[in-house]
Amino acid sequence: MTNQKPWDRQEQARYMADVAQIMQVRARGEMPLALVRTYGCQQNVADGEKIKGMLEKMGFGFTEEEDQADLILFNTCAVREHAEDRIYGNVGALKNIKRRNPSLIIALCGCMMEQEHVAERIRKSFPFVNLVFGTHVIHRFPQMLREVLVDSHRVFERGDDSEDKTIIEGLPVHRDGNFRAWLTVMYGCDNFCSYCVVPYVRGRERSREPEAIEREFRELVAAGYKEITLLGQNVNSYGKGLENPISFAELLRRLDAVEGDYRIRFMTSHPKDATREMIDVIAGSRHISHHLHLPFQSGNDRVLKEMNRKYDRAKYLELISYCKEKIPDVSLTSDIIVGFPGETYEEFRDTVSLIEEVEFTSLFTFIYSPRVGTVAAKMPDPIPYEEKSRWFSELLQVQEEIAARRCTGMVGNEERVLVEEVNPKTGLLAGRTDGSIIVEFPGDLSLIGQFVNVRVTAARNWILRGEQISPKE
Ligand code: SAH
Ligand code: SF4
């Protein structure tokens, strides 16, 4: 059973008051500034917003300038080697900044720091880093920061055996956006796909109580948020460990019933647990986007088995065809891994043929990256990286043609677009359709953060051009 606990506000408040006082002196009466940089997935972004929430309560303001910061915190990602290398490079670059400003506090957190070998490397090779903490102990950030400041020693912390099964409710949040919000519905992952480090760094699967989720959801809608994205590594197993188990489909139904002008997105669905019931709920909903991100990783059954994905190509395609039947305008996206250990070119071609069959809107494609401690990292991997890169380009080319064809097919459509920003190069507004396709159109800056009806007039590769339809049309 998941252990759900409220944040120990009173205890942390004592530490926060100490930190606030010390930082004010250090910043000579000015507001101390923190630079918080988050890498990786939306779950990390959501964690970063909680860390910022706590920093705000400790009197910090925020900056993007390294030279102005009193505290620099990198919230790291461990999913691929490239992500980790980038962090090591960026941390190394902080050495000079610390030399210029010796009182600068440098902190590292997130998935990388939950791994022992990474913490060890930081301990040995980056002596100027003051604080290192993993994903399970975010709620103790004020306490750890105080220890760094008061005791002037380095602090390294990771979750203990119970903390990776616990949910702490009620942490303060500093949301980066004011019309799009992240809402975590569950933490951790129990799937242990053979290539993936996430179950090792994010702990066991645990769901928030639906009441807590609904409360936060209602607050977001009342505050005017227009797009709320529900987050979990495998949202389809939401609710399983709760005292009163409920399905993800049921949670969606409950949230969709909340009145308001908003849309719901969610990620990530896992084909082994995605249900027809969930697809039915989306089809009959008022607020849920007709967009399903359903990663299949590989189109070949032998590779899927080696990946420990627990579904096969036929089951995946069966789910997709049910989805297309119930939601004819559905937009499908997926994650794919190219060059899993032992994958042959013929097996890789099965992935390409699946892409051609399904016709995805867009894909997140990755070349396999070995991760310490995972099963796949010990498998023979004879294909050279250059060869895998060629396969990767081949796949991208096929997908680009599909995306371009799909976009061209949308010319003439009317789409409801949530306007996100202005494209500085073109001066056009840019937003996303319900199916998460980017549309650019001329319009007033005041429309940012609003839903606008747009007629699609042209397609440039995978980006649409359009014009605003006046409300009376
Ligand atoms: N929980 C989600 C995805 C989490 S990680 C799911 O199961 O779909 C996001 C994506 O990164 C994965 O879908 C996978 O495509 C990719 N990924 C994970 N581990 C990887 C590795 N070792 N090498 C390359 N890509 C990887
Ligand atoms: Fe990783 Fe698989 Fe869990 Fe997704 S479901 S986080 S790919 S182990």
Side-chain angles (χ1 to χ4, degrees), residues 39-47 76-86 110-112 114-115 135 164 182 184-207 229-238 240 248 265-274 291-300 303-311 316 319 332-343 348 351 354-355 360 362-379 381 383 385 388-389 391-392 395-396 399:
Y39 299 81
C41 69
Q42 281 76 11
Q43 184 65 65
N44 245 20
V45 175
D47 285 351
T76 64
C77 168
V79 80
R80 278 169 296 275
E81 197 177 358
H82 175 70
E84 291 201 342
D85 287 346
R86 225 172 108 208
C111 291
M112 258 175 97
E114 207 48 66
Q115 303 174 97
T135 56
D164 77 350
W182 312 109
T184 303
V185 300
M186 61 186 299
Y187 296 87
C189 180
D190 286 351
N191 290 320
F192 291 94
C193 300
S194 62
Y195 50 82
C196 184
V197 76
V198 170
Y200 302 91
V201 294
R202 286 264 166 202
R204 299 290 55 77
E205 216 162 78
R206 52 216 188 273
S207 299
T229 304
L230 312 178
L231 297 178
Q233 292 300 342
N234 175 11
V235 289
N236 303 108
S237 61
Y238 171 78
K240 282 182 183 157
F248 183 61
R265 296 191 189 280
F266 59 87
M267 62 194 304
T268 300
S269 278
H270 193 305
K272 98 179 150 63
D273 299 310
H291 170 208
L292 187 61
H293 181 61
L294 193 63
F296 70 92
Q297 314 294 359
S298 163
N300 176 273
V303 176
L304 283 173
K305 202 163 184 341
E306 291 291 305
M307 286 178 163
N308 194 30
R309 289 291 287 180
K310 300 200 171 77
Y311 56 85
Y316 185 81
L319 256 177
L332 296 159
T333 55
S334 181
D335 295 350
I336 288 170
I337 296 178
V338 172
F340 182 80
E343 183 177 52
F348 157 74
T351 297
L354 196 143
I355 291 169
F360 292 95
S362 60
L363 293 174
F364 299 88
T365 313
F366 311 104
I367 295 183
Y368 168 75
S369 165
R371 305 283 63 216
V372 174
T374 59
V375 173
K378 298 185 200 80
M379 296 177 179
D381 189 5
I383 305 286
Y385 191 83
K388 294 183 183 184
S389 299
W391 300 359
F392 184 81
L395 189 147
L396 288 196
Q399 177 55 28

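Note that ligands are numbered from 1 as they come in the structure, with each ligand's atoms numbered from 1 the same way.
Within the listing of ligand 1, atoms 8 (O), 12 (C), 13 (O), 14 (C), 15 (O) sit less than 4.0 angstrom from a heavy atom of Gln297. Numbered from 1 in the order shown, with element, the atoms of ligand 1 that lie under 4.0 Å from a heavy atom of Arg371 read 22 (N). Contact atoms of ligand 1 toward Pro295: 8 (O) (distance under 4.0 Å to a heavy atom of the residue). Near Arg309, the atoms of ligand 2 lying under 4.0 angstrom from a non-hydrogen atom of the residue are 2 (Fe), 7 (S). Ligand 2 places these atoms under 4.0 Å from at least one heavy atom of His270: 5 (S). Heavy-atom contacts of Phe192 reach the following atoms of ligand 2: 8 (S) (cutoff under 4.0 Å). Below 4.0 Å from some heavy atom of Tyr368 lie the following atoms of ligand 1, by number and element: 23 (N), 24 (C). Heavy-atom contacts of Pro199 reach the following atoms of ligand 2: 8 (S) (cutoff under 4.0 Å).
For Arg309, the heavy-atom gap to ligand 1 drops under 4.0 angstrom. Within the 4.0 Å heavy-atom shell around ligand 1 one does not find Val198. At least one heavy atom of Ile367 sits closer than 4.0 Å to an atom of ligand 1.
Considering only non-hydrogen protein atoms, atom 2 (Fe) of ligand 2 sits nearest to Cys193 SG, 2.3 Å. When hydrogens are left out, the protein atom nearest atom 6 (C) of ligand 1 is Thr268 CG2, 3.8 Å; that is the closest non-hydrogen contact. Scanning all protein heavy atoms for the shortest distance to atom 5 (S) of ligand 1 gives Val79 CG2, 3.9 Å. Ranking protein heavy atoms by distance to atom 9 (C) of ligand 1, first place goes to Asp335 OD2, 3.7 Å. Given atom 7 (S) of ligand 2, the protein heavy atom at minimum distance is Tyr195 OH, 3.4 Å.
Contacts of Gln43 with ligand 1, taken as heavy-atom pairs under 4.0 Å, are absent altogether. Contact annotation: for Cys189 versus ligand 2, heavy atoms closer than 4.0 Å belong to the side chain alone. With a heavy-atom cut-off of 4.0 Å, Ser369 touches ligand 1 through backbone and side chain alike. Here Tyr195 has heavy atoms under 4.0 Å from ligand 1 in both its backbone and its side chain. Residue contacts with ligand 1, taken as heavy atom pairs separated by less than 4.0 Å, involve Gln233 via backbone and side-chain atoms alike.
How far OG of Ser362 is from CD of Gln399: 7.0 Å, rounded to the nearest 0.5 Å. Between His270 atom NE2 and Lys310 atom NZ the span is 8.0 Å, to the nearest 0.5 Å. Put simply, SG on Cys189 and OH on Tyr200 are 10.5 Å apart, with the number rounded to the nearest 0.5 Å. For the atom pair CZ (Arg86) and SG (Cys77), the distance works out to 9.0 Å, reported to the nearest 0.5 Å. Between Leu230 atom CG and Trp182 atom CH2 the span is 11.0 Å, to the nearest 0.5 Å.
Defined by atom type and a distance below 3.5 Å, a donor-acceptor pair is present between the side-chain atoms of Glu205 and Ser237. Using a 3.5 Å distance cut-off with no hydrogens or angles, the side chains of Thr268 and His293 do not pair a donor with an acceptor. Side-chain contact, Asn236 with Ser269: a donor N or O sits under 3.5 Å from an acceptor N or O. A side-chain N or O of Asn191 and one of Lys272 form a donor-acceptor pair less than 3.5 Å apart.
If you check each of Gln233, Arg371, Gln43 against atom 6 (S) of ligand 2, the one with the closest non-hydrogen atom is Gln233. Of the listed residues (Asn234, Val198, Asn191), the one carrying the non-hydrogen atom nearest atom 5 (S) of ligand 2 is Asn191.
For Cys196, every N, O or S atom stays at 2.8 Å or more from atom 2 (Fe) of ligand 2.
Geometric assessment of Arg80 against the ring of Phe366 yields a positive cation-pi assignment under the 6.0 Å and 45° thresholds.
Ring planes of Phe360 and Tyr316: tilted class, angle from 30 to 60°.
Just one residue in the list Arg309, Arg371, Met379 forms a side chain to side chain contact (heavy atoms under 4.5 Å, CB included) with Tyr195, and that residue is Arg309. With Asp190 as the partner, the salt bridge (charged side-chain N to carboxylate O under 4.0 Å, His left out) test is satisfied by one option alone out of Arg204, Arg206, Lys240: Arg204.
When all heavy atoms are compared, the tightest approach of Leu294 to Pro271 is CD1-N, 3.9 Å.
Considering backbone and side-chain atoms alike, Arg80 places an N or O below 3.5 Å from some N or O of ligand 1.
Between Lys388 and Asp381, at least one side-chain N (NZ, or NE/NH1/NH2) sits under 4.0 Å from a carboxylate O, which counts as a salt bridge.
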